[in-house]
Amino acid sequence: MTQYHPLTIQDAISLAKKIPGHFRKDAELSCREIGDGNLNLVFHITDENGKSIIIKQALPYAKVVGESWPLSLDRARIESEALNIQHSICPDLVPQVFYSNRELAITVMEDLSDHTIMRKGLIEGTAYPLFAKHIGRFLARTLFYTSDLGMNQQEKKERVKQFINPDLCKITEDLIFEDPYRDSPNNSFSEDIRDEAEALWNDTELHLEVALLREKFLTHAEALIHGDLHTGSIFATPESTKVIDPEFAYYGPMGFDIGAVIANLLLNYSAQPGWSSDEQTLHERRERLLRMVSDVWTEFETNFRALWNEEVLDITAKTPGYQDLYVQKILRDAIGFAGCKMVRRIVGLSHVADIDTIEELAIQEQAKRTALAIGKSLIKINRNAVSIGEVIQKAEQAAQQ
Ligand code: SR1
Ligand code: MG
């Protein structure tokens with residue numbers, strides 16, 4: 001059995017040569033470590049003809065913090081098994097896994113470097129006209145087919161067991177639902193928004209809503225969710241969308257993934273004054289982002305209802321009124337989780353480049369305030385929301401302040 005060790009460039013090349021069907025034994029391979037995320041090593045390996053693969057390896061600690069924050073290597077198993085399930089449900093939207101190895105905590109997969117990380121693309125102002133259609137279908141299908149609605153309920157319980165992911169869930173529980181709402185040493189924010197951070201720590205109305213959302217995250221095993229579906233977990237071109245990185249996958253509330261997508265579009269929306277060259281561009285990009293938010297929800301809802309009507313396995317799901325209430329619950333959860341995910345990216349441990357790389361500090365500060373205003377209002381309206389239009393309205397209001 002191979003013992004775990006972090007791969008060197010040479011190890012990654014030797015391993016790549018052993019994976020059947022990819023490289024010749026005598027191929028001249030080059031390899032770069034390109035991981036820029038918080039947790040893992042990512043090796044990009046190419047041959048002299050431009051053929052390429054990715055080897056991703058989990059480290060036994062959170063790279064962003066260091067060895068003082070140990071993390072289970074089991075997340076590599078979770079990631080490759082989740083990718084396999086998601087790929088089988090949406091083959092065009094999820095990369096193919098070629099090989100995985102539990103001892104080494106590696107996943108070898110399709111190289112997507114002809115795509116761009118969507119966060120970077122959005123910062124550069126790229127339009128993704130098919131994104132909402134793609135991600136709406138991804139969300140509807142992966143959530144439906146892994147839930148009690150779309151799979152055998154006893155098999156689903158086995159799946160819940162397969163995807164118990166305590167270390168990564170704990171990161172979310174702490175970084176998203178706890179730290180931002182108290183003076184935690186994990187928090188990280190610029191001094192110019194200390195007033196905002198302190199207001200979060202004292203806002204008991206907000207604390208109640210976040211406690212209720214956290215309870216859903218802890219207890220509602222509705223579907224196999226991606227668990228970290230921000231725009232850094234999506235590779236995109238204007239024509240194609242690929243969802244990667246499901247190492248946070250576990251059985252949780254469906255609205256969490258939808259909320260993550262919405263939050264990250266709205267973080268980019270908040271950041272646009274830092275990236276748009278003039279008023280007209282700012283206006284157009286913001287309109288486009290809000291349309292995407294609305295379309296993501298509509299595409300999800302349309303696909304999800306169609307699956308429910310045509311494929312549902314659970315007899316009780318035919319009960320009149322049940323589908324409407326179920327969809328309403330997902331919308332409300334998505335709105336609440338979106339708010340939490342916006343707030344954490346401004347005052348919590350891990351931020352987003354959309355906002356933090358804005359060069360002019362006054363514009364950066366305003367972007368943070370806009371994101372916090374949207375995030376807080378989404379959290380506060382979540383339990384009574386009835387349409388995605390309310391999210392758009394809150395975003396527009398915050399942008400005017
Ligand atoms: C310590 S990990 C920080 C964040 O990075 C991941 O992408 C997740 O969003 C996590 O919360
Ligand atoms: Mg990730």
Side-chain angles (χ1 to χ4, degrees), residues 1-87 94-117 119-120 162-168 170-171 226-228 230 232-235 242-250 350:
M1 201 196 291
T2 330
Q3 254 208 330
Y4 178 83
H5 60 278
L7 298 181
T8 61
I9 295 282
Q10 204 43 55
D11 292 336
I13 290 179
S14 313
L15 187 86
K17 286 194 176 175
K18 288 187 199 135
I19 294 162
H22 288 280
F23 301 116
R24 293 183 335 270
K25 286 221 159 39
D26 61 348
E28 276 294 315
L29 298 188
S30 44
C31 173
R32 277 183 315 130
E33 201 281 305
I34 55 166
D36 62 354
N38 290 324
L39 304 176
N40 306 296
L41 297 174
V42 180
F43 298 94
H44 181 246
I45 298 162
T46 41
D47 71 7
E48 59 278 50
N49 302 317
K51 203 169 171 197
S52 54
I53 55 165
I54 291 291
I55 300 181
K56 179 167 174 180
Q57 185 181 40
L59 289 167
Y61 54 86
K63 199 168 83 179
V64 65
V65 176
E67 296 189 28
S68 62
W69 189 334
L71 275 187
S72 154
L73 293 174
D74 191 43
R75 69 186 194 275
R77 174 193 65 79
I78 300 240
E79 172 160 353
S80 60
E81 292 178 4
L83 279 171
N84 282 332
I85 291 171
Q86 292 163 348
H87 181 80
V94 179
Q96 194 185 345
V97 172
F98 300 130
Y99 171 78
S100 59
N101 180 311
R102 274 169 90 154
E103 283 70 42
L104 283 173
I106 58 167
T107 306
V108 181
M109 65 190 122
E110 209 181 313
D111 175 26
L112 299 169
S113 16
D114 53 337
H115 291 56
T116 304
I117 284 290
R119 186 179 307 290
K120 182 167 177 282
Q162 179 187 350
F163 286 98
I164 294 290
N165 196 355
D167 282 16
L168 276 74
K170 171 92 173 113
I171 291 180
H226 178 285
D228 196 25
H230 56 80
S233 297
I234 297 169
F235 267 116
K242 302 277 184 182
V243 177
I244 58 165
D245 266 9
E247 66 197 307
F248 283 74
Y250 85 112
S350 166

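Residue numbers start at 1 and run along the sequence shown.
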Nearest heavy-atom pair of [X] and [Y]: which atoms, and what distance?
X: Asn38; Y: Ser350; answer: ND2-OG, 3.3 Å
X: Ala12; Y: Ile45; answer: O-CD1, 3.6 Å
X: Trp69; Y: Ile171; answer: CZ2-CG1, 3.8 Å
X: Ser72; Y: Asp167; answer: N-OD2, 2.6 Å

Exercise for review: Output the distance between atom CG (Leu83) and atom CD (Glu110), rounded to the nearest 0.5 Å.
Suggested key: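 If we round to the nearest 0.5 Å, Leu83:CG and Glu110:CD are 10.5 Å apart.
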Review point. Can Arg77 and Asp74 be counted as an ion pair, charged N to O under 4.0 angstrom?
Key: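 Counted as a salt bridge, because a side-chain N and a carboxylate O are separated by less than 4.0 Å.
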Within the 4.5 Å heavy-atom criterion, are [X] and [Y] side-chain neighbours or not?
X: Leu39; Y: Leu71; value: yes
X: Arg119; Y: His230; value: yes
X: Leu112; Y: Ile244; value: yes
X: Leu15; Y: Ile106; value: yes
X: Leu73; Y: Tyr4; value: yes
X: Pro246; Y: Asp228; value: no

Non-neighbouring partners of [X] that pass salt bridge (Lys or Arg N to Asp or Glu O under 4.0 Å), sequence neighbours left out:
X: Glu79; result: Lys56
X: Lys120; result: Glu124
X: Arg75; result: Glu247
X: Arg32; result: none

**Study point:** Worked check of side-chain contact (heavy atoms from CB on, under 4.5 Å) between Ile55 and Tyr99
**Key:** CA-CA 9 Å; Ile55 300 181; Tyr99 171 78; over 6 Å; no
Counterpart residues, side chain to side chain donor-acceptor pair (under 3.5 Å), relative to [X] (two or more places apart):
X: His87; result: none
X: Asp47; result: none
X: Glu48; result: Arg24
X: Ser52; result: Asp111

Check your understanding: Which ring-ring contact (aromatic ring centres under 6.0 Å, His included) pairs, counting each pair once, include a residue from residues 8-48, with sequence neighbours left out?
Key ->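 Non-adjacent pairs meeting ring-ring contact (aromatic ring centres under 6.0 Å, His included): His22-Phe98.
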Review point. Passes side-chain contact (heavy atoms from CB on, under 4.5 Å), Ile54 versus Val108? Steps please.
Key: CA-CA 6 Å; Ile54 291 291; Val108 181; over 6 Å; no
Exercise for review: With side-chain contact (heavy atoms from CB on, under 4.5 Å) as the test, would you mind laying out the steps for Leu104 and His5 before giving the verdict?
Suggested key: CA-CA 7 Å; Leu104 283 173; His5 60 278; 3.9 Å; yes
Exercise for review: Give a yes or no on whether the backbone of Tyr250 and the side-chain of Asn165 come within a donor-acceptor separation of less than 3.5 Å.
Suggested key: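 Not at all, since once roles are kept as given, no pair shorter than 3.5 Å links the two residues.
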Check your understanding: Within the distance-only criterion (no hydrogens, no angle test), does the side chain of Lys242 pair as donor or acceptor with the backbone N or O of Phe235 below 3.5 angstrom?
Key ->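 Not confirmed, Lys242 side chain does not pair with Phe235 backbone.
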Exercise for review: Might you confirm whether atom CG of Asp114 has over 12 heavy atoms from other residues, nucleotides or ligands at distances under 6.0 Å?
Suggested key: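 For Asp114, atom CG is crowded (more than 12 foreign heavy atoms under 6.0 Å).
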Check your understanding: Does CD belonging to Gln96 count more than 12 external heavy atoms closer than 6.0 Å?
Key ->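 Above 12, so yes.
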Are [X] and [Y] close enough that a side-chain donor and a side-chain acceptor fall under 3.5 Å?
X: Glu81; Y: Gln162; answer: yes
X: Asp11; Y: Thr8; answer: yes
X: Thr107; Y: Ser100; answer: no

Exercise for review: Could you pull out all residues at least two apart from Ala76 that satisfy side-chain contact (heavy atoms from CB on, under 4.5 Å)?
Suggested key: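 By the side-chain contact (heavy atoms from CB on, under 4.5 Å) rule, Ala76 matches Ala58, Ala105.
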Exercise for review: Assess whether side-chain contact (heavy atoms from CB on, under 4.5 Å) is satisfied between Thr46 and Lys51, documenting all intermediate values.
Suggested key: CA-CA 5 Å; Thr46 41; Lys51 203 169 171 197; over 6 Å; no
Practice item. Return the set of residues passing ring-ring contact (aromatic ring centres under 6.0 Å, His included) with Phe248 (not counting sequence neighbours), or none when no residue passes. Key: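 Scan of Phe248 (ring-ring contact (aromatic ring centres under 6.0 Å, His included), adjacent residues dropped) gives none.
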Using distance only, find each side-chain donor-acceptor pair of residues 60-68 under 3.5 Å and give its atom names and separation, not counting sequence neighbours.
unit_1 : atom_1 : unit_2 : atom_2 : d
Lys63  : NZ     : Gly35  : O      : 3.4
Lys63  : NZ     : Asn40  : O      : 2.8

